[in-house]
Amino acid sequence: MIDSRIKFRHLQTFVEVARQKSVMKAAELLRVSQPAVTKTIRELEEVLGVAVFERDGRGIKITRYGEVFLKHAGAALTALRHGLDSVTQERAGDAPPIRIGALPTVSTRVMPQAMELFLKENTWSRIKIVTGENAVLLEQLRVGDLDLVVGRLAGAEKMAGFSFEHLYSEQVVFAVRAGHPLLKTRQSPFAALADYTVLMPTRASIIRPFVESFLIANGVPNLPNQIETVSDSFGRAFLRSSDAIWIISTGVVATDIEDGVLAVLPIDTSETKGPVGLTMRTDAIPSLPLSILMQTIREAAREISAS
């Protein structure tokens with residue numbers, strides 16, 4: 001039986017503090033005072049009989065008991081949100097909303113094609129698609145703000161509480177503008193990297209460890225002139241106006257390469273290959289519209305990987 005002392009505000013406050021890793025930021029987003037947030041967390045800890053947060057330097061971090069509770073608290077809030085949405089949509093005649101997190105590697109080809117297939121099913125569902133770094137999207141998935149994340153498989157340490165369905169594998173490439181000087185020379189691209197600005201994935205991105213290991217293995221321990229970015233729009237614009245080199249997942253620039261706007265340096269990057277697929281919470285039960293969308297994503301992925 002659920003302890004009657006636990007209220008909605010306890011779950012909402014706990015999840016927000018866990019997401020923000022800050023009482024102050026959580027208070028701002030919840031529009032309450034910091035003491036009110038602290039009091040609510042203490043009440044929750046009294047009910048649970050354990051600490052859910054602990055001090056970490058000047059900040060706080062979630063405890064192992066908090067991690068266990070977070071999975072269920074996030075699921076409870078998601079279920080409640082879906083229940084409220086369902087009533088609203090039933091009154092308005094709308095289908096349940098679907099919230100998707102799409103990493104850049106699937107945002108340019110897989111998701112647009114999947115959405116075309118999905119819209120033909122006439123479910124009339126409202127779709128919300130957000131993109132960003134994998135760590136951010138997984139955190140939103142964990143607390144119930146997203147129903148599904150589509151992209152590269154995260155590291156094992158980040159997959160607790162999640163299930164992954166493999167769709168296809170892809171590798172990173174060294175992309176440049178069409179007509180780039182390195183496309184016309186016999187010089188080793190690795191020897192010339194220091195002469196150019198290199199766009200690198202951020203340290204929080206999934207492919208960063210693969211890229212760093214690949215560079216080190218090929219005699220490039222560091223790059224003196226690099227820009228870290230997860231913005232595909234910036235990457236495209238910067239490459240078109242410069243001689244920069246962009247180390248990025250194939251899927252992000254595949255269309256640009258097909259159109260002849262960008263080209264790939266002749267470097268064998270097969271060892272950077274990694275799985276791309278669907279990530280969900282293990283306790284999640286997909287709605288019918290979400291199940292249909294997942295199937296259209298599978299179909300789009302099969303078509304693209306076969307091309």
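All figures in this text were calculated on a predicted structure; none of them were measured in a lab. Heavy-atom basis, side chains included; hydrogens, waters and symmetry copies ignored.
Remark: R64 does not engage E67 in a salt bridge, criterion side-chain N to carboxylate O under 4.0 Å. Under 4.0 Å is where a charged nitrogen must lie from a carboxylate oxygen, and between K21 and D56 no such pair does. Salt bridge present: E43 and K39 bring a charged side-chain N and a carboxylate O closer than 4.0 Å. Of the charged side-chain nitrogens involved, none lies within less than 4.0 Å of a carboxylate oxygen, so that K71 and D283 do not count as a salt-bridged pair. Using a 4.0 Å cut-off between charged nitrogen and carboxylate oxygen, R203 and E228 count as a salt-bridge pair.
Between F238 and F234, the ring planes are parallel. Angles under 30° get that label, and only those over 60° would be called perpendicular.
In summary, the side chains of E133 and T202 do present a donor paired with an acceptor at a separation below 3.5 Å, with no hydrogens or angles considered. If you check the side chains of Q12 and R9, you find no donor sitting under 3.5 Å from an acceptor. Inspection of the T250 and E170 side chains reveals no N or O donor paired with an N or O acceptor under 3.5 Å.
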Identify each donor-acceptor pair in which a side-chain atom of residues 185-201 lies under 3.5 Å from a protein atom, sequence neighbours left out, and give them as a table.
unit_1: T185; atom_1: OG1; unit_2: Q187; atom_2: N; d: 3.1
unit_1: S188; atom_1: OG; unit_2: F190; atom_2: N; d: 3.3
unit_1: T197; atom_1: OG1; unit_2: N225; atom_2: ND2; d: 2.8

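The cluster map of Ile, Leu, Val, Met, Phe, Trp and Tyr, joined by side-chain heavy atoms under 4.5 Å apart, puts L138 and V17 in different clusters. Note on L265 and L215: same hydrophobic cluster, where clusters join Ile, Leu, Val, Met, Phe, Trp and Tyr whose side-chain heavy atoms are under 4.5 Å apart, directly or indirectly. Transitive grouping of hydrophobic side chains (ILVMFWY, heavy atoms separated by less than 4.5 Å) keeps L137 and V230 in distinct clusters. Linking Ile, Leu, Val, Met, Phe, Trp and Tyr residues whenever their side-chain heavy atoms come within less than 4.5 Å leaves V150 and V136 in two separate clusters. In terms of hydrophobic clustering, with Ile, Leu, Val, Met, Phe, Trp and Tyr side chains grouped at heavy-atom distances under 4.5 Å, I127 and L146 are assigned to different clusters.
Atom CD1 in I292 sits 12.5 Å away from atom CG in L117 (nearest 0.5 Å).
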**Message:** Determine whether V176 and L182 satisfy the following criterion, side chain to side chain contact (heavy atoms under 4.5 Å, CB included), listing intermediate values before the conclusion.
**Reply:** CA-CA 9 Å; V176 295; L182 288 181; 5.8 Å; no
**Request:** For K25 and E28, run salt bridge (Lys or Arg N to Asp or Glu O under 4.0 Å): C-alpha distance rounded to whole Å, both residues' side-chain angles, the deciding distance at 0.1 Å, then the answer.
**Result:** CA-CA 5 Å; K25 291 181 180 179; E28 291 176 356; over 6 Å; no
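Counting all heavy atoms, side chain and backbone alike, D243 lies closest to P181 at OD1-CD, 3.8 Å.
The closest side-chain heavy-atom distance from F69 to L11 is below 4.5 Å.
Between the T272 side chain and the V172 main chain, a donor and an acceptor come within less than 3.5 Å of each other.
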